[in-house]
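Notes for the one structure printed next.
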Amino acid sequence: MKDFYFDCAATTRRKPAQVREAMINFYDHIGCSPGRGGYECSLDASRIVLNTRLSMGKLFNFDKTENIILTHNITYAMNMILRGLLKPGDHVVTTTMEHNAVIRPLNDLVKNNKIEVDYIKGDAQGYVSAEAIKDAIRENTKAVITTHASNVTGTILPIEEIARVVEETNAFYIVDGAQTAGSHFIDLKALPIDIFAFTGHKGLYGPTGTGGFIIKDEAAKDMDALIQGGTGSISDRDFQPDFLPDKFESGTTNTIGIAGLGAGVDFILDKGIVNIYNKKKSLTEYFLRKLEKVEGVTVYGPKNSNIQTSTISVGIKDVDLGQISFMLDDQFNIMTRSGLHCAPYAHQTIGTFPEGTLRFSFDIFNSEEEVDYVIDSLNKLLNA
Ligand SMILES: Cc1ncc(COP(=O)(O)O)c(C=O)c1O
């Protein structure tokens with residue numbers, strides 16, 4: 001029986017054929033370590049990593065490809081960034097719409113490294129304005145960190161405006177792009193974002209175990225390397241290199257994953273990010289329209305495809321959402337995610353803590369027919 005995958009905010013399950021092909025090609029024809037030998041297959045492996053950086057640079061309009069740091073996912077990236085950048089006495093401004101990938105390392109740094117954090121509360125739709133961020137910035141604010149879009153409500157935060165506000169201060173602006181990379185055009189040449197972090201396995205269509213961050217020079221200079229070790233370069237030196245990407249890329253890379261990530265990014269470039277954005281937007285509109293007619297359902301977040309991603313969270317009157325998620329899978333082969341989505345503060349913000357919501361999230365491989373099936377199945381379950 002066909003299955004219906006509606007958990008793309010967690011990871012995209014259907015990958016473009018070229019992603020699988022690039023990964024198979026890596027072990028069929030290459031299989032060596034990049035930057036670790038002068039023989040052809042090592043050079044080929046280096047070319048794969050370089051090409052992935054070039055494609056990423058094209059997607060985010062960023063020329064300095066050595067400043068594109070590849071890690072295992074955005075959680076690793078965020079830990080490297082926050083622990084590498086923040087020192088005792090530093091102040092951070094962030095929002096209640098963040099994922100635990102940001103919240104937990106920050107709270108740990110508060111507890112053990114004496115930093116201070118202000119969480120700016122989102123409104124009922126999960127929105128945080130640039131003015132609210134501006135008001136919280138102080139003399140000793142080292143960084144402002146916001147998600148681009150909530151993984152609970154899909155709410156898009158005004159990163160362009162926030163970037164302009166932070167630019168006027170001494171703070172660095174760090175964006176968590178986990179939910180928008182690959183579907184929203186982010187121009188890193190034009191925007192004063194100091195660090196843009198991404199994960200590879202969601203909208204970029206790469207495999208799991210890929211992610212990273214794009215860092216501007218000033219922030220890179222200020223940030224310590226949390227992970228240190230072999231880089232394949234200047235092995236005679238006792239200390240970590242200070243040039244990029246080596247400063248932040250120690251240990252053998254996940255080259256097969258990076259091959260897949262590069263192919264995923266190329267898929268987006270071929271298809272056109274605007275087309276991807278439009279397809280997801282129109283499906284979001286369609287889904288929201290259909291949901292309006294399902295009795296007992298409350299939709300959280302903006303309910304407006306102009307200011308949200310293709311992630312839709314709902315509550316349903318008098319039912320256990322975990323049970324509904326289970327039954328959608330068990331009886332209808334529909335995969336969704338219920339609960340707190342690793343973003344407890346976001347649920348507190350929209351008033352759905354601790355029970356959470358039922359989240360539907362989709363990508364360009366979903367269709368209106370699939371949405372019809374989901375809505376039909378939901379109605380059947382709720383009427384039964
Ligand atoms: C906004 C946001 N940040 C961070 C993450 C963490 O991503 P990863 O598990 O790939 O590190 C997620 C994933 O759910 C997310 O949605």
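Note that the structure is predicted; figures quoted are calculated from it, not measured.
The hydrophobic clustering, which links ILVMFWY residues whose side-chain heavy atoms are closer than 4.5 Å, places Phe26 and Leu43 apart. Placement of Val152 and Tyr300 within a single hydrophobic cluster is found when ILVMFWY residues are connected by side-chain heavy-atom separations under 4.5 Å, directly or transitively. Using a 4.5 Å cut-off between side-chain heavy atoms of Ile, Leu, Val, Met, Phe, Trp and Tyr, with links allowed through other members, Met335 and Phe332 fall into different hydrophobic clusters. Tracing side-chain contacts under 4.5 Å through hydrophobic residues (I, L, V, M, F, W, Y), one never reaches Ile81 starting from Ile68; they form parts of separate clusters. Transitive grouping of hydrophobic side chains (ILVMFWY, heavy atoms separated by less than 4.5 Å) brings Ile324 and Val297 into a common cluster.
To the nearest 0.5 Å, the span separating OG1 on Thr199 from CE on Met78 amounts to 10.5 Å. To the nearest 0.5 angstrom, Asp363 atom CG is 9.0 Å from Leu283 atom CG. Going from atom OG1 of Thr180 over to atom NZ of Lys280 covers 9.0 Å, rounded to the nearest 0.5 Å. Here OH of Tyr173 is found 9.0 Å from CG of Leu191. Values are rounded to the nearest 0.5 Å.
Residue Glu116 forms a side-chain contact (heavy atoms from CB on, under 4.5 Å) with just one option from Thr141, Val93, Val92, Asn140, and that option is Asn140. The side-chain contact (heavy atoms from CB on, under 4.5 Å) test with Leu85 singles out one residue from Ile174, Leu109, Asp224, and that residue is Ile174. Shown are Thr65, Asn51, Leu269, Leu204; of these, the side-chain contact (heavy atoms from CB on, under 4.5 Å) with Met56 is made only by Leu204. The ring pair (Phe, Tyr, Trp, His ring centres under 6.0 Å) test with Phe60 singles out one residue from Phe196, Phe213, Phe185, and that residue is Phe196. Remark: of the listed residues Thr11, Thr12, Asn73, Thr208, Thr11 is the sole one forming a side-chain hydrogen bond (donor to acceptor under 3.5 Å, both in side chains) with His201.
With hydrogens and angles disregarded, no donor-acceptor distance shorter than 3.5 Å links the side chain of Thr210 to the backbone of Ile258. With hydrogens and angles disregarded, a donor-acceptor distance shorter than 3.5 Å links the side chain of Thr96 to the backbone of Gly122. Formation of a donor-acceptor pair under 3.5 Å by the Asn67 side chain with backbone atoms of Ile215 is found in this model. A donor-acceptor contact shorter than 3.5 Å links the side chain of Ser46 to the backbone of Ser42.
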Please walk me through it: do Thr52 and Val265 pass side chain to side chain contact (heavy atoms under 4.5 Å, CB included)? CA-CA 8 Å; Thr52 297; Val265 174; 5.7 Å; no
When you look at Ile227 and Tyr76, which way does the side chain to side chain contact (heavy atoms under 4.5 Å, CB included) test go after all the steps? CA-CA 10 Å; Ile227 312 289; Tyr76 267 74; 5.6 Å; no
Walk me through whether Leu288 and Asn304 qualify under side chain to side chain contact (heavy atoms under 4.5 Å, CB included). CA-CA 8 Å; Leu288 286 169; Asn304 175 349; 5.9 Å; no
Step-by-step side chain to side chain contact (heavy atoms under 4.5 Å, CB included) determination, Lys142 to Asp222: CA-CA 11 Å; Lys142 180 70 178 275; Asp222 213 313; 3.3 Å; yes
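Residues Thr153 and Ser313 bring no donor and acceptor atom of their side chains to less than 3.5 Å of each other. Tyr286 and Asp372 are linked by a side-chain donor-acceptor pair at a separation below 3.5 angstrom, with hydrogens and angles left out of the test. Donor-acceptor pairing under 3.5 Å is recorded for the side chains of Asp246 and Ser233. For Tyr373 and Asn333, the side-chain atoms include no donor-acceptor pair closer than 3.5 Å. A donor atom on one side chain and an acceptor atom on the other are found under 3.5 Å apart for Gln240 and Ser250.
Salt-bridge formation is detected for the pair Arg47/Glu40: a Lys NZ or Arg NE/NH1/NH2 atom is positioned less than 4.0 Å from an Asp or Glu carboxylate oxygen. For the pair Arg83 and Asp108, the salt-bridge criterion is met [side-chain N within less than 4.0 Å of a carboxylate O]. Looking at Glu370 and Lys2, a side-chain N of the basic residue comes within less than 4.0 Å of a carboxylate O on the acidic one, giving a salt bridge. Salt bridge Asp63/Lys189: present, at least one basic N to carboxylate O contact under 4.0 Å. Salt bridge present: Glu285 and Lys281 bring a charged side-chain N and a carboxylate O closer than 4.0 Å. Ion pairing between Lys216 and Glu167 fails under the 4.0 Å rule for side-chain N and carboxylate O.
Annotation: cation-pi geometry not satisfied between Lys64 and Phe62 (NZ/CZ under 6.0 angstrom from ring centroid, within 45° of ring axis).
For the pair Cys342 and His99, the tightest heavy-atom approach, listed with the atom from each and the gap, is CB-NE2, 3.3 Å. Here the closest non-hydrogen pair linking Arg138 and Asp118 is NH2-OD2, 3.8 Å. Leu244 and Ile69 make their closest contact through CD2-CD1, 4.4 Å (heavy atoms, listed as atom of the first residue, atom of the second, distance). Taking both residues in full, the closest heavy atoms of Ser338 and Gly322 are given as OG-CA, 3.4 Å, listed atom of the first, atom of the second, then distance. Considering all non-hydrogen atoms of both residues, Ala225 and Lys247 come closest at CB-O, 3.2 Å.
In this structure, Lys279 places its NZ atom where more than 12 heavy-atom neighbours from other residues, nucleotides or ligands lie under 6.0 Å away. At most 12 non-hydrogen atoms from other residues, nucleotides or ligands lie less than 6.0 angstrom from CZ of Phe239. When the shell of 6.0 Å around CZ of Arg36 is examined, it contains more than 12 heavy atoms from other residues, nucleotides or ligands. For Asn170, the CG atom is loosely surrounded, since the number of other residues' heavy atoms within 6.0 Å does not exceed 12. More than 12 non-hydrogen atoms from other residues, nucleotides or ligands lie less than 6.0 angstrom from CZ of Phe243. Atom NZ of Lys114 has 12 or fewer neighbouring heavy atoms from other residues, nucleotides or ligands inside a 6.0 Å radius.
Aromatic ring pairs are classed by plane angle as parallel below 30°, tilted from 30° to 60° and perpendicular above 60°; the pair Phe287 and Phe6 is perpendicular.
The aromatic ring centres of Phe365 and Tyr205 sit less than 6.0 Å apart.
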